[in-house]
Q: 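First the structure, then my questions, so here it is.
In listed order, ligands and their atoms are each counted from 1.
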Amino acid sequence: MTEHHQRAREAADVLAGLTGVDHHDIALVLGSGWLPAVDALADRDGWTVNAEIATTDLPGFGAAAVAGHSGRIRSIGSGDRNLLVFLSRTHFYEGKGVAAVVHPVRTAAAAGCETIVLTNGCGGLRETWSPGTPVLISDHINLTAHSPIEGAHFVDLTDLYSPRLRRLCREVDPSLDEAVYVQFPGPHYETPAEIGMVRAIGGELVGMSTTLEAIAAREAGMEVLGISLVTNLAAGISDAPLHHEEVLEAGRSAAVRMGGLLSEIVGRI
Ligand code: 8IG
């Protein structure tokens, strides 16, 4: 076990103590615009909040940096299932290192989670995706030039984004599209020329998160579901300039649909 995995083990032990929940089953990492969806989920019948803590209560977590992200972790119970929700994430562009980016994933694995749902807000290249459209991630291209895995540990990333879980999502909502997600380092958005490159290499979703977390989740043996919320058309696809505020608005307007989707999926996993 690496020092990073050891620190995640310690965080999971503190988490169990603070939440009073010994074992979590499913982890959910929220991206830009997804918080209202989880609030909608907690309002549904049969769901109760076990506890909510600050990430900084746990070893290895730093403070949250982005508007619309709160540095908190919510434990939600539904029947005999416990859901561990990270209401924010550490982004690669914060410069805290890849280990900090994937610490929540490793903590979730150490807390017992065998499934992780990674969500994000992102730019979309398909003109039919209006802001607020959720899209399933079918595969990714990691343009950070980094890996969360250290040493000669060669992890297979075939079917990284679980075909079973994607199928399940499409049973719940047959209108869901699937696409390849491309992670740029950020924090700047892309140039139109870079979006042209994304199209050429087969990507249709662009963002600044998720791929490193998915790799760490696979290393930990978790089944991974990735869902992007397209909050803006990618640079050069439309004339509109890109603003963080439209991300938040897209989340608010899509909350009920995404909350319903999440609760149906979590119920069936
Ligand atoms: I929200 O258009 C959101 N995040 N890289 N590009 C990148 N990240 C994003 C975008 C986008 N929109």
Q: Within ligand 1, which atoms have a heavy atom of E190 less than 4.0 Å away?
A: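 Those atoms are 2 (O), 5 (N), 6 (N), 7 (C), 11 (C).
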
Q: Heavy atoms only, cut-off 4.0 Å: how does N120 contact ligand 1, side chain, backbone, both, or neither?
A: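 Neither part.
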
Q: Is the backbone of L83 close enough, under 3.5 Å, to the side chain of R74 for a donor and an acceptor to pair up by distance?
A: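 Here the side-chain-to-backbone pair does not exist.
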
Q: Could you tell me if any non-hydrogen atom of C122 lies under 4.0 Å from any atom of ligand 1?
A: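 It does; at least one heavy atom falls under 4.0 Å.
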
Q: Could you walk me through whether I215 and V155 pass side chain to side chain contact (heavy atoms under 4.5 Å, CB included), step by step?
A: CA-CA 8 Å; I215 295 165; V155 174; 5.7 Å; no

Q: Would you kindly say whether S162 and E223 are connected by a side-chain donor-acceptor distance under 3.5 Å?
A: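 Present: a donor and an acceptor within the cut-off.
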
Q: Can you find an N or O of Y189 that's nearer than 3.5 Å to an N or O of ligand 1?
A: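 Such a contact does not occur with ligand 1.
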
Q: Using modelled atom types and a 3.5 Å cut-off, is there a donor and acceptor pairing between side-chain atoms of H103 and backbone atoms of P59?
A: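 Yes, H103 side chain to P59 backbone: donor-acceptor pair under 3.5 Å.
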
Q: Given side chain to side chain contact (heavy atoms under 4.5 Å, CB included), test W47 with V38 step by step and report yes or no.
A: CA-CA 11 Å; W47 295 78; V38 168; over 6 Å; no

Q: Below a 4.0 angstrom heavy-atom separation, can you tell me which part of T231, side chain or backbone, both or neither, approaches ligand 1?
A: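 Just the side chain.
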
